Amino acid sequence: MRAVEAVSMYDIKFRYDINLLDISWHGLFSGEAVAAYAREVKGRFVTEGFSPGYRLRMDMRRSAVQPQDAVAAFREHLGEGLFPRASRIAIVTPSAIAKLQVRREMTQSYLRIFADADAAFVWLMEAQAAAA
């Protein structure tokens with residue numbers, strides 16, 4: 001019998017040098033998985049010493065469209081006022097349907113959607129260069 005290795009549905013990286021919270025999703029979330037994800041990202045945000053005004057890149061290329069129960073759970077656990085505000089948010093997805101879902105749920109004026117992770121990164125860093 002082979003041991004089964006647990007595969008995380010996401011990666012969370014805090015990049016202090018450029019004030020970037022870099023998140024990648026790798027699958028479909030359930031409501032319970034969203035609750036666990038929210039606890040982890042909120043807890044790590046505090047322990048990592050990040051503060052409002054950071055940049056956020058969410059790479060959703062490997063997760064596509066989320067089920068409606070997961071979308072409701074994201075709203076409940078990470079919706080407006082429940083997580084520190086970013087200065088810029090870049091969502092990465094080539095999926096037209098995922099883009100529609102993001103636009104419906106995330107209405108921040110400082111959010112842009114990209115098909116390419118590198119283009120998203122460049123846009124996020126433009127704000128830092130302009131401020132310097």
Side-chain angles (χ1 to χ4, degrees):
M1 182 178 202
R2 288 181 21 199
V4 177
E5 183 179 317
V7 176
S8 176
M9 293 187 50
Y10 55 85
D11 294 312
I12 302 170
K13 296 176 186 159
F14 290 85
R15 299 195 46 198
Y16 299 97
D17 55 331
I18 54 176
N19 198 26
L20 176 67
L21 173 51
D22 209 2
I23 297 175
S24 296
W25 289 356
H26 310 302
L28 298 177
F29 285 81
S30 65
E32 298 80 25
V34 171
Y37 166 79
R39 280 191 303 275
E40 181 176 349
V41 74
K42 287 177 179 181
R44 287 193 53 201
F45 192 91
V46 172
T47 59
E48 299 277 349
F50 260 52
S51 59
Y54 62 97
R55 288 159 193 84
L56 172 62
R57 178 172 59 175
M58 294 188 64
D59 188 340
M60 300 176 174
R61 289 177 294 178
R62 292 175 50 199
S63 67
V65 177
Q66 293 296 321
Q68 287 305 303
D69 66 322
V71 172
F74 278 113
R75 201 178 306 120
E76 176 185 345
H77 295 285
L78 293 167
E80 187 65 36
L82 299 175
F83 194 78
R85 185 182 185 275
S87 62
R88 279 192 168 192
I89 301 171
I91 304 295
V92 182
T93 181
S95 164
I97 297 171
K99 288 176 187 177
L100 290 172
Q101 188 176 60
V102 168
R103 285 187 183 115
R104 186 179 69 237
E105 294 297 323
M106 300 178 74
T107 60
Q108 296 93 332
S109 62
Y110 48 91
L111 178 143
R112 298 288 179 272
I113 301 174
F114 299 86
D116 178 75
D118 291 335
F121 182 81
V122 168
W123 178 76
L124 287 167
M125 294 303 104
E126 284 174 356
Q128 183 173 339

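Counting from 1, the numbers follow the sequence of the chain as shown. Keep in mind that what you see is a predicted model, and the values were worked out from it rather than measured. The basis for the numbers below is simple: all heavy atoms, side chains too, and nothing from hydrogens, waters or symmetry mates.
Not a single side-chain hydrogen bond (donor to acceptor under 3.5 Å, both in side chains) links Ser95 to another residue, sequence neighbours left out. Not counting sequence neighbours, the partners of Arg61 by the side-chain hydrogen bond (donor to acceptor under 3.5 Å, both in side chains) test are Asp59.
Between Leu56 and Arg88 there is no side-chain heavy-atom pair separated by less than 4.5 Å. Considering only heavy atoms from C-beta on, Ile18 comes within 4.5 Å of Met125 through its side chain. Counting heavy atoms from C-beta on, the side chains of Met58 and Thr93 never come closer than 4.5 Å.
Atom-to-atom distance recorded for Leu124:CG and Leu20:CG is 6.5 Å, nearest 0.5 angstrom. Taking OG of Ser8 as the start and OH of Tyr37 as the end, the distance is 10.0 Å to the nearest 0.5 Å. With values rounded to the nearest 0.5 angstrom, Phe45 atom CZ is found 10.5 Å from Thr47 atom OG1.
A donor-acceptor pair under 3.5 Å is formed between the side chain of Arg57 and the backbone N or O of Ala117. Side-chain atoms of Arg44 come within 3.5 Å of backbone atoms of Ile12 as a donor-acceptor pair (strictly under, hydrogens ignored). In this structure a side-chain-to-backbone donor-acceptor pair under 3.5 Å is missing from Ser63 to Leu28. A side-chain donor-acceptor contact under 3.5 Å links Gln66 to the backbone of Gly27. The closest donor-acceptor contact from the side chain of Lys42 to the backbone of His77 lies under 3.5 Å.
Residues Val92 and Ala120 come closest through the heavy atom pair CG2-CB, 3.7 Å. Minimum interatomic distance between Tyr10 and Ala36 (heavy atoms only, all atoms of both residues): OH-O, 4.2 Å. Across every non-hydrogen atom of Gly53 and Ser87, the tightest pair is O-OG, 2.9 Å. Minimum heavy-atom separation, Phe50 to Leu21: CE2-N, 4.0 Å. Scanning all heavy atoms of the two residues, the minimum distance from Pro52 to Pro84 falls at CG-CB, 4.0 Å.
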Which is it for Tyr54 and Arg85 under the side-chain contact (heavy atoms from CB on, under 4.5 Å) test, yes or no, and what are the steps along the way?
CA-CA 8 Å; Tyr54 62 97; Arg85 185 182 185 275; over 6 Å; no

Does the pair Phe121 and Phe114 meet the rule for a ring-ring contact (aromatic ring centres under 6.0 Å, His included), with working shown?
CA-CA 10 Å; Phe121 182 81; Phe114 299 86; over 10 Å; no

Between Asp69 and Val34, does a side-chain contact (heavy atoms from CB on, under 4.5 Å) hold up when you go through it step by step?
CA-CA 9 Å; Asp69 66 322; Val34 171; over 6 Å; no

Atom pairs and distances, donor-acceptor, side-chain atoms in residues 104-111, under 3.5 Å, two or more places apart:
{"residue": "Glu105", "atom": "OE1", "partner": "Arg75", "partner atom": "NE", "Å": "3.0"}
{"residue": "Glu105", "atom": "OE1", "partner": "Arg75", "partner atom": "NH2", "Å": "3.2"}
{"residue": "Glu105", "atom": "OE2", "partner": "Arg75", "partner atom": "NH2", "Å": "2.9"}

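Residues Phe29 and Val65 do not share a hydrophobic cluster, clusters being chains of Ile/Leu/Val/Met/Phe/Trp/Tyr side chains in contact below 4.5 Å. Met60 and Val71 fall into different hydrophobic clusters, defined by Ile, Leu, Val, Met, Phe, Trp and Tyr side-chain heavy atoms under 4.5 Å apart, directly or through other members.
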